[in-house]
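Chain identifiers are assigned alphabetically (A, B, ...) following the order of the sequence lines, protein sequences preceding nucleic acid strands; residue numbering begins at 1 within each chain.
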Amino acid sequence: MSKKVRVRFAPSPTGGLHLGGVRTVLYNYLFAQKYGGDFIVRIEDTDQSRYVAGAEEYIFDTLKWCGLEPDESVQHGGDFGPYRQSERKDSYRQYAEQLVKEGNAYYAFDTSEELEKMRAEYKSEQNPSPQYDQTLRMKMKNSLTISAEETKKLLEANAEHVIRIKVPENETVAFTDMIRGEVHFDSSLLDDKVLLKADGMPTYHLAVVVDDCLMQITHAFRGEEWLPSAPVHILLWKYLFGIENMPQWAHFPLILGPNGKLSKRDGSKYGFPVFSMNWMDPKTNELTEGFKEKGFIPEGFINLLALLGWNDGTEKEIFSLEELIEAFSMERVHSAGAKFDYEKAKWFNHEWIKKSGVGSLKSGVKKLLEQSGVTVADEALLDKVIELVKDRCTLLPDFVQQSSFFFKAPETLDTDSVKPKWNDAKQLFFVELIRNYELTQQWNTATLESNFKEIASVNSLKPGELMLPFRIMLVGGKFGPGVFDIANVLGKGETINRIKTALDIFSTH
RNA sequence: GGCCCGUUCGUCUAAGGGUUAGGACACCACCCUUUCACGGUGGUGAUACGAGUUCGAAUCUCGUACGGGCUACCA
């Protein structure tokens, strides 16, 4: 019998969550859902110096907005807590000590100045970044180079120290990545990574292994930037818990910006969002725009993320979350990095806005409308309007332009598009149109249109030359859905009012 | 520099030895619509290079080039 699938997303709360992070969440979530497993969110806050207020909250807000709720987390509870590594601090030291005892790690007493000195000393063109590794560790101050008594004395005197892994020589460290297949490393080239820091906190390397074990994680997914440190984690698994208990790894391809790994800088530079939601850096007060505020709906955001590095092998591109769960497989995740294409991202959102029902769009649209100063008193009208204009909205804010005039008569008219060609015949036409519309019993799009065209033809006018003025009268500018649809939704009184108002403006000056 | 990962239209990708190398976004043209979209039809456009294996290679192997990542008491 195989173990229950348990996966985790392990973010460091240092700022906004960007595209790649959310995609990692998504793939974790899809995998867990697909196999009836648990999805855990564990906060990796072992670096106090990088603590950023609000970042943790932000992560959970994003998950909520996306509809990717964890089964276990700081906020959701669970039997494997605490889910914040800073609160698990005490549990790590014993594992580090165990490694030392068994000869797989050692105490190192080097100060940061000494480390700097070492790097400066051994730095060369051939070796621009010297590592604390098997070639150098015997030249440093650690429990390998000083006597046991001296080590003991230093420890008892509470001398500042770290614990480093003692990477073996000439060993091939290999594992099978679910996406990339066999990957191997020569241990001689690895450095002796710090496992336990001077402040007693573990580094990522120790914490990820210990917590994945304690939380019974069966599959560990993360970005490709972690691949180079995977051998350290493999070694730790081997020493601590047994390689046979290690989760299966998958390293996701990176999401690239125009110049390599996507960064929030790319966003402001190229005009597209990078973070899931707006993020205000509490230190600098710098605001980074998010997909949510830009006008993406969760369905669109999830969909575009899912297809960035994965596809189901068919030509299907539009997937709901449920469909993704059904279709997802780790084997079909690409191994190559994917450059983010904002145009395509918008296309996904557009498809989802078109596909969405009025119900799911309504509250967002209403909020946007009201933010722009439009009061929405009539909910039924809003429903009708959304249905009418959603096909031409790519981003949520597009609804403002496309539908404000339904709720509020235009304040200014684009007279430039009308006046040069305005004449008495047109003036008369609209006077007659008002009369006709006043009398009509059939207030619907088809009747409005046929009456309009009939009057035009009786007066030997081309309907085409009259429709643009009509649009400007109702809308104020050259946009919006079909003009007779607009008149229909606006209703008799309002339509006639707007024609009258505009006629005054067009005929004077 | 070293190590690791990668390489099919501009972008996301399909094709797991035999296809006119398929689709989507973007772009262009036409149709629809005399607002703009939506929609429809068509078009431009790719297997990085060199060897090898094979009757046959985008697909397997090797090399080269290029791209990316990592190289902290950060994750």
**Asked** Within the structure shown, what part of the strands sits under 4.0 Å from Asp199(A) by heavy-atom distance: base, sugar-phosphate, or nothing?
**Response** nothing
**Asked** Mind checking what makes side-chain hydrogen bond (donor to acceptor under 3.5 Å, both in side chains) contact with Ser460(A), not counting sequence neighbours?
**Response** none
**Prompt:** OP1 or OP2 of C12(B) sitting under 4.0 Å from any side-chain N/O of Arg23(A)?
**Reply:** no
**Message:** By nearest heavy atom, map Leu190(A) and Glu343(A) onto RNA chain B; which one lands nearer the 5' end?
**Reply:** Leu190(A)
**Message:** I want to confirm an ordering. Mapping Leu254(A) and Lys344(A) to their closest nucleotides on RNA chain B, which one lands closer to the 5' end?
**Reply:** Lys344(A)
**Fill in**
Re U41(B): Watson-Crick or G-U wobble partner, both distances kept under 3.5 Å, found to be A29(B)
**Request:** Report yes if a side-chain nitrogen or oxygen of Thr46(A) is closer than 4.0 Å to either non-bridging phosphate oxygen (OP1 or OP2) of A75(B); otherwise report no.
**Result:** yes
**Asked** If you look at every strand shown and take non-hydrogen atoms under 4.0 Å, does Arg222(A) touch a base, only sugar-phosphate, or nothing?
**Response** nothing
**Complete:** Whether each nucleotide of nucleotides 27-43 of chain B has a protein heavy atom under 4.0 Å at its base (B), only at its sugar-phosphate (S) or at neither (-) is summarised, 5' to 3', as -------BBBBSS----
**Asked** Whom does U61(B) pair with, Watson-Crick or G-U wobble, provided both distances fall under 3.5 Å?
**Response** A51(B)
**Prompt:** CD of Glu454(A): more than 12 outside heavy atoms within 6.0 angstrom?
**Reply:** no
**Asked** Quick one: is Arg50(A) getting a side-chain N or O under 4.0 Å of the A75(B) phosphate, OP1 or OP2?
**Response** no
**Asked** What do you reckon, is CD of Gln48(A) surrounded by more than 12 foreign heavy atoms closer than 6.0 Å?
**Response** yes
**Prompt:** So what does Val208(A) hit on the nucleic acid, given a heavy-atom distance under 4.0 Å: a base, only sugar-phosphate, or nothing?
**Reply:** nothing
**Asked** So which nucleotide does A14(B) pair with, by the Watson-Crick or G-U wobble rule with both distances under 3.5 Å?
**Response** none
**Distance between C1' atoms of G63(B) and U7(B) (Å, rounded)** = 15 Å
**Prompt:** Do other residues, nucleotides or ligands put more than 12 heavy atoms under 6.0 Å from the CZ atom of Arg332(A)?
**Reply:** yes
**Prompt:** Can you name the residues that form a side-chain contact (heavy atoms from CB on, under 4.5 Å) with Pro168(A), not counting sequence neighbours?
**Reply:** Glu171(A), Ser187(A), Leu235(A), Tyr239(A)
**Inter-residue atom distance Trp226(A).CH2 - Phe252(A).CZ, 0.5 Å rounding** = 14.5 Å
**Request:** Just call it for Ala198(A): base, sugar-phosphate, or nothing, with non-hydrogen atoms closer than 4.0 Å on any strand.
**Result:** base
**Message:** Run the side-chain contact (heavy atoms from CB on, under 4.5 Å) test against Lys354(A) and tell me which residues pass, sequence neighbours left out.
**Reply:** His350(A), Glu351(A), Asp391(A)
**Prompt:** Taking the six-membered ring for Trp, is the centroid-to-centroid distance between Phe340(A) and Phe272(A) below 6.0 Å?
**Reply:** yes
**Prompt:** Which part of the nucleic acid does Arg180(A) contact within heavy-atom distance under 4.0 Å: base, sugar-phosphate only, or nothing?
**Reply:** sugar-phosphate
**Asked** What does Leu195(A) touch in the nucleic acid at a heavy-atom separation under 4.0 angstrom: a base, only the sugar-phosphate, or nothing?
**Response** nothing
**Prompt:** NA contact type, Phe185(A), heavy-atom cut-off 4.0 Å: base, sugar-phosphate, or nothing?
**Reply:** sugar-phosphate
**Prompt:** Think Lys197(A) has a side-chain N or O under 4.0 angstrom from the OP1 or OP2 of C74(B)?
**Reply:** yes
**Request:** Could you measure between the two P atoms, the one in A24(B) and the one in U41(B), and give it in whole Å?
**Result:** 10 Å
**Prompt:** Near RNA chain B, which residues from residues 123-137 of chain A have a heavy atom under 4.0 Å away?
**Reply:** Glu125(A), Gln126(A), Pro128(A), Ser129(A), Gln131(A)
**Request:** Using both distances under 3.5 Å as the test, list the Watson-Crick or G-U wobble partner of C70(B), or none.
**Result:** G2(B)
**Prompt:** Across all strands, who's sitting opposite U34(B) as a Watson-Crick or G-U wobble pair, both distances under 3.5 Å?
**Reply:** none
**Request:** Describe the nucleic acid contact of Ser417(A) in one word from base, sugar-phosphate, nothing, applying a heavy-atom distance below 4.0 Å.
**Result:** nothing
**Prompt:** Taking the side chain as C-beta and beyond, is there a heavy-atom pair between Arg8(A) and Phe221(A) under 4.5 Å?
**Reply:** no
**Prompt:** Can you tell me if the side-chain N/O atoms of His334(A) get under 4.0 Å from OP1 or OP2 in A14(B)?
**Reply:** yes
**Asked** Phe328(A) and Tyr27(A): aromatic ring centres closer than 6.0 Å?
**Response** yes
**salt bridge (charged side-chain N to carboxylate O under 4.0 Å, His left out) contacts in which one or both residues fall within residues 174-199 of chain A, not counting sequence neighbours** = Arg137(A)-Asp192(A), Arg180(A)-Glu224(A), Asp191(A)-Lys193(A)
**Message:** What I want to check is whether an N or O donor and acceptor connect the side chain of Lys193(A) with the base of A72(B) at under 3.5 Å.
**Reply:** no
